[in-house]
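Please read the structure below before turning to the comments.
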Amino acid sequence: MWVERLFRDLCGHVMALTDLPAGAPAGFMDREIRSGEGWSERLGEVLATCRVFVPLFSPRYFASEMCGKEWYAFAARAIYHHAKHNRPAEAIVPALWVPVPPEQLPGPAERLQFNHRDFGDRYVTDGLYGLIKLRIFAEEYERAVYELAKRIVAVADTAGISPSRPVDYRSAPSAFGTPGRGPRPLRVTVAAPTRHDLPEGRDPAYYGDMPQDWNPYRPDAARPLAHVTEDLVRSLNYQATVSSFDHDSGPSDAKQPPRHPEILLLDRWALKDEECRERLAAFDAEHRPWVSVVVPRNQMDHQSRAADAELNRTLEETLPIKMGQGRAASRAAARGVPSMEAFGQILPQVVEAAAQQYLRHAAVYPPAGGRHTERPRLRGPMAGEQGTTHFIPETHEIAPDAEDLDDSQS
């Protein structure tokens with residue numbers, strides 16, 4: 001009930017502040033979608049076309065895997081927009097339904113540059129739920145909703161985020177990671193030449209002064225792949241460290257327990273260098289399943305396509321273990337990822353595979369002093385579930401089924 005009222009009030013302000021024709025939808029709330037055939041497809045379509053994403057912050061919101069999936073699906077669009085145009089698109093406008101302590105915010109939410117105090121001090125301390133429930137705060141509620149609507153309209157006009165193909169919502173990852181945990185460390189290593197040490201005849205347009213400047217998906221992408229990868233893994237609640245596969249770095253020592261999962265971005269043209277090829281072959285011979293290899297193969301790179309057979313043969317000779325190791329997604333990523341869109345789709349699966357292997361091989365530290373710790377208890381199938389909502393106003397607005405929200409928060 002309360003979330004529906006907020007939705008109606010927001011839509012009314014958005015209509016008044018824009019030139020949308022009478023009767024046109026100002027937003028979309030996914031409470032309108034029920035479980036059943038077509039639900040995930042419709043949700044994917046909305047997430048692929050809306051211009052502003054407005055999550056309703058609350059502790060229960062960040063405990064919801066469904067909400068995390070929706071956040072990631074929209075955030076990935078903004079990352080692709082940034083990669084394609086080399087211009088950030090900040091199109092997430094958060095709203096406080098219930099105030100959330102900063103230490104409970106997952107990384108993607110914590111990194112948002114947003115000043116909630118612009119909507120009023122009482123809004124910050126009580127959230128929209130507190131303002132809407134108590135009549136004495138009616139004026140503060142009206143102010144907060146009006147300011148929120150103005151911010152939504154302003155972001156919709158300026159961000160200009162491009163539509164994308166609908167994602168498979170059922171297989172999308174959650175942007176929130178494990179509830180209650182902060183960003184997890186992950187290392188991204190780039191094995192690529194610079195424009196100063198390219199193989200003879202190789203087009204320098206794909207390279208820069210450092211291996212991290214490598215941009216294999218140009219002209220579709222205007223940003224180096226390492227930067228795009230960093231943004232994508234950050235949207236999965238990881239804290240990425242980017243380095244190059246050179247004499248001073250590279251994947252960690254296989255004889256030591258890993259300190260974090262790792263992703264190796266490999267340019268097949270780097271294998272033209274004998275020293276780099278030998279180092280990669282030595283890496284492949286060691287047991288490091290927590291390192292996932294991703295090999296971009298841009299279909300628009302005519303030079304690479306012409307040399308495809310030779311480059312693939314060298315790759316298979318250098319990394320025979322990695323080429324056949326791990327899950328299907330990891331093997332596909334090692335064989336070659338043909339486009340930026342495909343890269344964004346497969347990377348979360350590759351990161352998850354590396355993270356699982358890391359957990360299997362990392363050092364285990366028992367509690368200090370050898371104290372006994374109680375085994376965790378399951379609290380039933382509904383533990384951690386919630387009826388949360390969030391909006392995506394612009395031309396669409398999204399909210400998971402919120403019928404239980406009143407009972408749980410009133």
Side-chain angles (χ1 to χ4, degrees), residues 1-32 46 50-62 64 67 70-71 74 90-102 104-105 109 112-159 386-410:
M1 178 177 69
W2 301 117
V3 172
E4 285 185 338
R5 177 184 167 187
L6 172 62
F7 176 73
R8 291 194 304 267
D9 292 343
L10 270 177
C11 288
H13 287 311
V14 170
M15 289 293 293
L17 293 168
T18 64
D19 59 356
L20 286 172
F28 179 86
M29 185 168 69
D30 74 0
R31 189 182 173 199
E32 299 166 5
V46 171
C50 64
R51 293 162 58 192
V52 181
F53 180 81
V54 182
L56 290 183
F57 280 15
S58 74
R60 294 162 64 84
Y61 177 85
F62 294 115
S64 167
C67 294
E70 293 173 1
W71 184 302
F74 186 83
E90 300 294 339
I92 297 180
V93 178
L96 296 179
W97 183 249
V98 175
V100 182
Q104 293 185 17
L105 293 174
L112 288 178
Q113 301 296 316
F114 196 86
N115 185 7
H116 289 283
R117 292 204 174 274
D118 290 346
F119 300 167
D121 292 338
R122 180 64 67 178
Y123 165 80
V124 173
T125 58
D126 290 84
L128 288 166
Y129 178 73
L131 301 185
I132 201 172
K133 284 283 287 185
L134 300 176
R135 293 179 181 178
I136 60 173
F137 297 143
E139 185 175 341
E140 286 87 347
Y141 169 77
E142 293 296 338
R143 175 194 170 186
V145 175
Y146 178 63
E147 294 295 335
L148 177 59
K150 288 199 302 182
R151 185 68 60 88
I152 291 167
V153 172
V155 170
D157 289 340
T158 58
Q386 63 159 333
T388 58
T389 61
H390 62 277
F391 293 90
I392 305 187
E394 155 286 298
T395 55
H396 301 289
E397 217 157 343
I398 290 193
D401 193 348
E403 288 184 343
D404 297 330
L405 190 59
D406 297 346
D407 294 337
S408 64
Q409 295 189 338
S410 60

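In this text the structure is predicted, and so the values were computed from the model without any measurement.
- From Asp157, atom CG reaches atom CZ of Arg51 across 6.0 Å, with rounding to the nearest 0.5 Å.
- Here the shortest heavy-atom pairing between Pro55 and Tyr61 reads CB-OH, 3.2 Å.
- Between the CG atom of Leu131 and the CZ atom of Arg143 there is a distance of 10.5 Å, given to the nearest 0.5 Å.
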Which atom pairs, one a donor and one an acceptor, fall under 3.5 Å between side chains of residues 115-126 and the rest of the protein, sequence neighbours left out?
| from | atom 1 | to | atom 2 | distance (Å) |
| --- | --- | --- | --- | --- |
| Asn115 | OD1 | Arg117 | N | 3.1 |
| Asn115 | ND2 | Asp118 | OD1 | 3.3 |
| Arg117 | NH1 | Asp121 | OD1 | 3.1 |
| Asp118 | OD2 | Arg151 | NH2 | 3.1 |
| Arg122 | NH1 | Asp126 | OD1 | 3.2 |
| Tyr123 | OH | Leu96 | N | 2.7 |
| Thr125 | OG1 | Asp121 | O | 3.4 |
| Thr125 | OG1 | Arg122 | O | 3.1 |

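- Here the side chains of Trp2 and Leu128 are not in contact, with every heavy-atom distance at 4.5 Å or above.
- Here the side chains of Leu56 and Leu6 are in contact, with some heavy-atom distance below 4.5 Å.
- Of all non-hydrogen atoms in Pro21 and Met15, the two that sit nearest each other are O-CE, 3.4 Å.
- By the salt bridge (Lys or Arg N to Asp or Glu O under 4.0 Å) test, Glu147 pairs with Lys150, sequence neighbours left out.
- Nearest heavy atom pair, residue Phe57 against residue Pro94, reads CZ-CB, 3.4 Å.
- Looking at Phe53 and Val155, their side chains never come closer than 4.5 Å, going by heavy atoms from C-beta outward.
- Under the 4.5 Å side-chain criterion, counting only non-hydrogen atoms from C-beta, Asp9 is not in contact with Tyr146.
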- Query: After noting the C-alpha distance and the side-chain angles of Arg135 and Tyr141, does the key distance pass the side-chain contact (heavy atoms from CB on, under 4.5 Å) rule?
  - Reply: CA-CA 9 Å; Arg135 293 179 181 178; Tyr141 169 77; over 6 Å; no
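- Note that CD of Glu90 is 10.0 Å distant from OG1 of Thr158, once rounded to the nearest 0.5 Å.
- Here the closest non-hydrogen pair linking Val100 and Gln104 is CG1-CB, 3.8 Å.
- Contact detail for Phe137 and Gly130: the closest heavy-atom pair is CD1-O, 3.8 Å.
- Side-chain contact between Ile92 and Phe74 is present, with at least one heavy-atom pair separated by less than 4.5 Å.
- Scanning both residues, Pro59 and Pro99, for their nearest heavy atoms gives CD-O, 4.4 Å.
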